[in-house]
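Read the structure below first, then the notes.
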Amino acid sequence: MSVANAISDTGYEAWLRYDRLPEQLAAVLTGWCRRIVMPDRDVLFGTVRRELTSALASLTGAEPEILDAPGAVADAADISGEGRALIAATAERAAALGLLEAAEAGALHAEGYVIRTVRRNGFEAVLIAGGTARGLLYGAFHFLRLAAIGSLDERALASLDITERPRNPLRMINHWDNMDGSIERGYAGKSIFYRNGRFIADKTRIRDYARMLASIGINALTINNVNVHETETKLITDEWLPDVAEVAGIFREYGIRLMLSINFAAPIQVGGLDTADPLDPGVRAWWRERAADIYRRIPDFGGFLVKADSEFRPGPFNYGRDHADGANMLAEALEPFGGIVIWRCFVYNCQQDWRDRKTDRAKAAYDIFVPLDGRFRDNVLLQIKNGPMDFQVREPVSPLFGGMSKTNQMLELQITQEYTGQQRHLCYLVPQWKEVLDFDTYACGEGTTVARIVNGSAFGRPIGGIAGVSNIGDDPNWTGHLLAQANLYGFGRLAWNPELTAEAITDEWVRLTFGGDPVTVDTISGMLLESWRIYENYTAPLGVGWMVNPGSHYGPNVDGYEYSKWGTYHFADFRGVGVDRTVKTGTGFTAQYHKPHCDIYESLELCPDELLLFFHHVPYTHRLHSGKTVIQHIYDTHFEGAEQARGLVERWKSLQDRIDPGRYRQVLERLEEQAAHAEEWRDVINAYFWRKSGIPDEHGRKIY
């Protein structure tokens with residue numbers, strides 16, 4: 001699509017724009033793909049057909065011809081006829097046609113695929129073969145991704161040889177949507193699923209969303225908030241299951257299994273029982289009946305996501321039971337149908353006394369769940385937030401990942417930017433997530449990374465994966481801030497393959513979204529890759545976290561949570577700042593890590609600067625590894641961060657003649673808000689610490 005034709009572009013198509021390719025590339029692609037051969041039939045094959053035909057027509061200007069081969073065809077040449085073609089089939093069918101070795105087809109993961117140039121009997125073709133129809137769908141999207149970014153010239157198409165398998169069995173989106181249409185921690189409009197206590201009648205947007213998720217390899221999602229309120233508790237009942245089944249059918253067409261967040265107290269609230277005790281026979285029978293009813297309506301239902309005994313939600317603690325009791329009761333009900341229970345580990349004392357310096361929210365998940373290791377059924381996964389606190393711009397990796405070897409685990413990331421600018425600020429989180437996934441826990445010696453733990457390979461666990469809290473709503477561009485689409489795209493790509501680099505993912509997204517102009521690609525890629533550090537510079541320093549307005553979590557308020565029940569303290573006084581989590585003098589949190597991390601974090605001399613205030617309370621005059629004092633670091637980073645945020649505006653303005661006016665204006669508006677807000681952060685944080693410490697900025701800059 002040319003700039004002239006995109007004046008009113010809203011960004012709705014996200015990275016699935018499929019803009020017309022330059023004539024030479026379009027001609028080459030047309031030559032190879034003017035015919036699409038699809039010798040299989042399945043609901044997902046219809047999806048593959050639609051995606052390939054519409055995308056190739058958009059990319060090349062020529063709609064391909066579809067050839068449905070008879071079921072008994074034994075020779076691939078009979079399918080394609082003379083010349084070139086694109087063949088889309090299951091690996092089993094491709095092997096039967098002699099286009100794939102039987103051993104390779106048999107070894108291909110159900111969701112894996114091969115994209116390969118094949119030659120036989122005087123014809124040549126591009127083969128996309130999936131381990132199953134889902135794998136074929138992912139392969140088709142991979143092929144279209146390569147085409148859309150301009151990678152498929154004649155040489156590339158003549159020598160394709162790609163084999164991909166997902167590294168994580170479960171690649172999941174968690175929605176925190178409520179049936180009144182609101183979204184908890186949603187920053188992009190209202191829910192695309194619900195309005196005024198009912199499901200939305202027009203489900204076109206849901207289908208478009210399913211396309212987006214499938215294109216980045218997502219294979220599961222929940223559609224309701226983990227804080228399950230009264231109306232949403234009924235989603236597992238006859239009242240709402242027909243609507244749930246209809247939505248499940250839409251996602252099924254894109255290889256995505258639907259799951260539901262459930263209320264642990266549902267047997268009382270909608271079942272008429274007087275208890276939800278997980279060891280009560282009547283409660284167990286009630287959940288078995290509910291599971292059977294759900295699967296009668298939704299045969300491929302994925303299972304339940306549970307937030308229990310957390311932030312006033314009901315759970316097994318109410319009955320003197322533990323989390324293994326609660327999770328196993330639900331797992332038992334789902335197991336006959338192949339369902340799973342995802343049990344969140346975000347459990348801590350949210351009635352903490354701020355005067356108590358020993359109770360530590362960061363320790364809670366480890367202390368609660370590690371003693372239960374080995375007691376959870378094989379269809380239970382523990383979903384663990386990336387850090388021990390709550391999605392802060394900087395915190396250490398949760399030690400729970402290295403603490404349990406006999407339990408399936410999932411990593412929970414927050415795509416929606418609750419503490420990182422709420423999609424009003426540019427904060428690209430893929431570099432942060434890469435650090436988490438690459439973190440070596442040393443649980444089984446060197447190389448026991450978080451990525452290997454959550455995919456199950458480190459401890460030989462049967463299931464695992466990554467979940468991301470959704471950042472979409474009904475805003476025209478899906479994510480409020482157009483550039484926040486990169487976080488959703490990057491999440492899916494990392495969940496598929498955590499070994500991808502942040503730079504490669506960023507380059508893909510920019511090219512798919514804005515085209516291949518080198519200046520545009522370099523400028524936007526640089527803005528994205530630097531934005532996390534920029535946001536960190538002007539917000540909470542050195543890993544201490546929080547310092548936000550209570551409730552909204554938007555904007556600076558250094559003492560906003562300092563005297564609250566939530567356990568989110570920085571302990572700043574006139575002498576220093578930071579939380580002592582050492583074994584020697586503090587809460588003992590450092591002991592939850594394996595060596596060498598426990599020793600590194602315990603040591604004031606070895607602790608990384610960026611996490612210093614998370615692990616240590618230090619004087620303002622303490623010198624960092626950088627050579628600066630803590631107080632001077634605070635001043636310098638906040639002045640620098642505000643300046644960098646202003647620089648993002650200027651960098652974007654340099655692209656005015658290279659980007660359509662519709663998308664240019666909406667991003668500029670967000671960046672200008674960010675620059676102004678960064679100055680507010682700078683002034684509030686610097687003024688607070690100057691008044692606390694009495695130590696002036698050595699450069700004499702304006703502090704209020």
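The basis for the numbers below is simple: all heavy atoms, side chains too, and nothing from hydrogens, waters or symmetry mates.
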Among side-chain atoms of Gln417 and Asn471, is any donor-acceptor pair under 3.5 angstrom?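 Checked: Gln417/Asn471 side chains show no N/O donor-acceptor pair below 3.5 Å.
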
When you measure from the centre of the six-membered ring of Trp32, is the NZ or CZ of Arg84 under 6.0 Å away and within 45° of the axis?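 Judged by the rule (NZ or CZ under 6.0 Å from the ring centre, within 45° of its axis), Arg84 counts as positioned above Trp32.
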
Ring of Trp496, cation from Arg165 - is the NZ or CZ under 6.0 Å from the centre and inside 45° of the axis?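 Checked: cation-pi criterion not met.
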
Look at [X] together with [Y] and state whether they make a salt bridge at an N to O cut-off of under 4.0 Å.
{"X": "Glu13", "Y": "Arg211", "answer": "no"}
{"X": "Asp300", "Y": "Arg252", "answer": "yes"}
{"X": "Glu104", "Y": "Arg116", "answer": "yes"}
{"X": "Lys203", "Y": "Asp243", "answer": "no"}
{"X": "Arg185", "Y": "Glu418", "answer": "yes"}
{"X": "Arg49", "Y": "Asp42", "answer": "no"}
{"X": "Arg34", "Y": "Glu63", "answer": "no"}
{"X": "Asp660", "Y": "Arg663", "answer": "yes"}
{"X": "Glu111", "Y": "Arg134", "answer": "yes"}

Quick one, Tyr113 with Tyr138, criterion ring-ring contact (aromatic ring centres under 6.0 Å, His included). Give me CA distance, side-chain angles, the key distance, then yes/no. CA-CA 7 Å; Tyr113 53 85; Tyr138 299 139; 7.4 Å; no

Looking at side-chain heavy atoms only, is the closest gap between Met38 and Val48 below 4.5 Å?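 Yes; the side chains approach each other to less than 4.5 Å.
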
Measure the shortest side-chain to side-chain distance between Leu381 and Ile340 over non-hydrogen atoms and say whether it is less than 4.5 angstrom.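 Heavy-atom side-chain distance check passes, below 4.5 Å.
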
Hey, is NZ on Lys190 packed in by over 12 heavy atoms from elsewhere, all under 6.0 Å?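 12 or below, so no.
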
With [X], which residues qualify under ring pair (Phe, Tyr, Trp, His ring centres under 6.0 Å), at least two apart?
{"X": "Trp287", "result": "Phe304"}
{"X": "Phe514", "result": "Trp509"}
{"X": "Trp15", "result": "Tyr489"}

Phe199 and Tyr194: aromatic ring centres closer than 6.0 Å?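 Yes, they do, as the ring centres are separated by less than 6.0 Å.
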
Could you walk me through whether Asn178 and Asn225 satisfy the side-chain hydrogen bond (donor to acceptor under 3.5 Å, both in side chains) test, starting with their C-alpha distance in whole Å, then the side-chain angles of each, then the deciding distance to 0.1 Å, before giving a yes or no? CA-CA 6 Å; Asn178 303 309; Asn225 194 352; 3.1 Å; yes

Worked verdict on Tyr209 versus Ser470 for side chain to side chain contact (heavy atoms under 4.5 Å, CB included): CA-CA 12 Å; Tyr209 180 50; Ser470 168; 3.9 Å; yes

